[in-house]
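Written below as structure tokens is the structure these notes are about.
Heavy atoms only: backbone and side chains are in, while hydrogens, waters and symmetry mates are out. None of these values were measured; they are calculated from a predicted model. Along the sequence shown, residues are numbered consecutively beginning with 1.
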Amino acid sequence: MKNRFIKFLMICILAIGAGSYVSQVFISSQSGQTAYAKKYKWHTLAYEKHFARKHWKWKNRSKKYASNFGDDCTNYASQLANVGKYRRTSAGGMVIKGRSFSNNKWYSYKKKGAHGGRIYSSSWTKVDDIWSYFVLHLGKKSYQSSKQSYIRRKAAPGDLLQFWDRNDGWFHSVTIYSKSKKDVYYTAHTNSFLHKALRNANHGRSKGQRIRAYRVVKMGVRKH
């Protein structure tokens, strides 16, 4: 009888411990986002980088933000900003085919019956508009230069970085993933990268498509 009681007690302890472990591994934020693990705290650089490692490949893109957008660079940069620090605003503004053109809004939400099954702001998906939202609306600092060395000094992990060329103007949004003494490294969609060195940004681009200028937005994402 005593042995049965001890066995029963051990089973209860293991069950409680397992439940505690599950609750520690999966946590939910106020916005409904489920964290992958407790060690990656919501709205931190650690969480943002974990999200990037999981979703940097186009085929592994997050279902939470799944879209029918063509190019996906700014959509992906917005996702990282959302998980790293910034909450989406409420939906609003004049909406045409699912997209709102109000730059004081920044959001992407699923909605039944909407064009492509989503409603979203142009600031969520357009290069110039995401810059306008964070710099002109939220007042974040932005630095611009034709020299990569200047951008390296100013950029930090979690910052938004954009590229300019003569054909398309400001055409591409990426997110700084890490920084070393020699370079900064970015993660991006459209052409998917997790950890690409800024010095290699022009590799594979024709003379007419060469990146001529860069601008970085200081996002202020805390490490932990």
Side-chain angles (χ1 to χ4, degrees), residues 45 48-49 52 55-58 61 65 67 69-82 84-86 99-108 120-221:
L45 180 63
E48 183 175 308
K49 292 176 74 170
H55 298 297
W56 70 272
K57 291 183 179 179
W58 174 252
R61 61 192 182 278
Y65 303 98
S67 69
F69 309 141
D71 292 339
D72 198 58
C73 66
T74 305
N75 176 37
Y76 178 57
S78 286
Q79 294 172 31
L80 291 169
N82 181 221
K85 181 173 182 178
Y86 298 92
R99 179 188 288 179
S100 164
F101 291 87
S102 173
N103 280 345
N104 63 353
K105 295 286 188 178
W106 180 69
Y107 64 87
S108 175
Y120 56 96
S121 62
S122 60
S123 58
W124 189 274
T125 62
K126 291 180 66 66
V127 175
D128 282 325
D129 290 355
I130 191 175
W131 185 91
S132 294
Y133 176 75
F134 283 103
V135 177
L136 302 183
H137 182 62
L138 293 189
K140 299 299 175 184
K141 290 182 179 180
S142 180
Y143 300 94
Q144 180 177 323
S145 178
S146 61
K147 296 182 178 180
Q148 288 188 355
S149 57
Y150 178 82
I151 296 300
R152 290 188 186 98
R153 291 198 302 271
K154 294 295 185 181
D159 286 349
L160 175 69
L161 177 63
Q162 295 185 322
F163 301 155
W164 184 94
D165 70 15
R166 290 175 178 172
N167 292 335
D168 301 308
W170 295 107
F171 72 95
H172 194 37
S173 299
V174 304
T175 301
I176 302 298
Y177 181 84
S178 64
K179 184 175 184 176
S180 70
K181 292 181 179 179
K182 295 183 178 180
D183 212 340
V184 293
Y185 305 83
Y186 61 85
T187 181
H189 267 191
T190 303
N191 292 323
S192 296
F193 299 103
L194 174 64
H195 194 254
K196 184 172 182 176
L198 181 60
R199 65 179 179 273
N200 296 329
N202 272 312
H203 283 192
R205 300 183 65 82
S206 66
K207 186 176 180 180
Q209 293 179 318
R210 287 187 64 81
I211 300 165
R212 305 288 180 174
Y214 309 85
R215 65 184 180 189
V216 61
V217 179
K218 301 300 297 178
M219 303 296 277
V221 181

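Taking the ring axis of Tyr177 as reference, the NZ or CZ atom of Lys49 stays within 45° of it and closer than 6.0 Å to the ring centre.
Donor-acceptor pairing under 3.5 Å is recorded for the side chains of Ser122 and Asp129. Using modelled atom types and a 3.5 Å distance limit, the side chains of Tyr76 and Thr190 yield no donor-acceptor pair. Neither side chain, Gln162 nor Tyr214, offers a donor N or O lying under 3.5 Å from an acceptor on the other.
Residues Thr187 and Leu80 form a side-chain contact, since some pair of their non-hydrogen atoms from C-beta on lies under 4.5 Å apart.
Lys85 places a side-chain N or O within donor-acceptor distance of the main-chain N or O of Gly220, the cut-off being under 3.5 Å. Without hydrogens or angle criteria, Ser121 side chain to Tyr107 main chain gives a donor-acceptor distance under 3.5 Å.
Asn191 is linked by a side chain to side chain donor-acceptor pair (under 3.5 Å) to nothing, counting only residues two or more places apart in sequence or in another chain.
For the side chain to side chain contact (heavy atoms under 4.5 Å, CB included) with Ser78, the lone residue among Thr125, Ile130, Leu160 that qualifies is Ile130.
Of the charged side-chain nitrogens involved, at least one lies within less than 4.0 Å of a carboxylate oxygen, so that Asp128 and Arg215 count as a salt-bridged pair. Arg212 and Asp165 are not joined by a salt bridge, as no carboxylate oxygen comes within less than 4.0 angstrom of a charged side-chain nitrogen.
Other residues, nucleotides and ligands place no more than 12 heavy atoms under 6.0 Å from the NZ atom of Lys126.
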Show the atom names and distances, to 0.1 Å, of all donor-acceptor pairs under 3.5 Å that link a side chain in residues 134-144 to residues at least two apart or in another chain.
{"residue": "Lys140", "atom": "NZ", "partner": "Tyr86", "partner atom": "OH", "Å": "3.3"}
{"residue": "Ser142", "atom": "OG", "partner": "Trp131", "partner atom": "NE1", "Å": "3.0"}
{"residue": "Ser142", "atom": "OG", "partner": "Val216", "partner atom": "O", "Å": "3.3"}

Next item on the list: Evaluate ring pair (Phe, Tyr, Trp, His ring centres under 6.0 Å) for Phe163 paired with Tyr186, printing each intermediate quantity in order.
Entry: CA-CA 12 Å; Phe163 301 155; Tyr186 61 85; 5.6 Å; yes

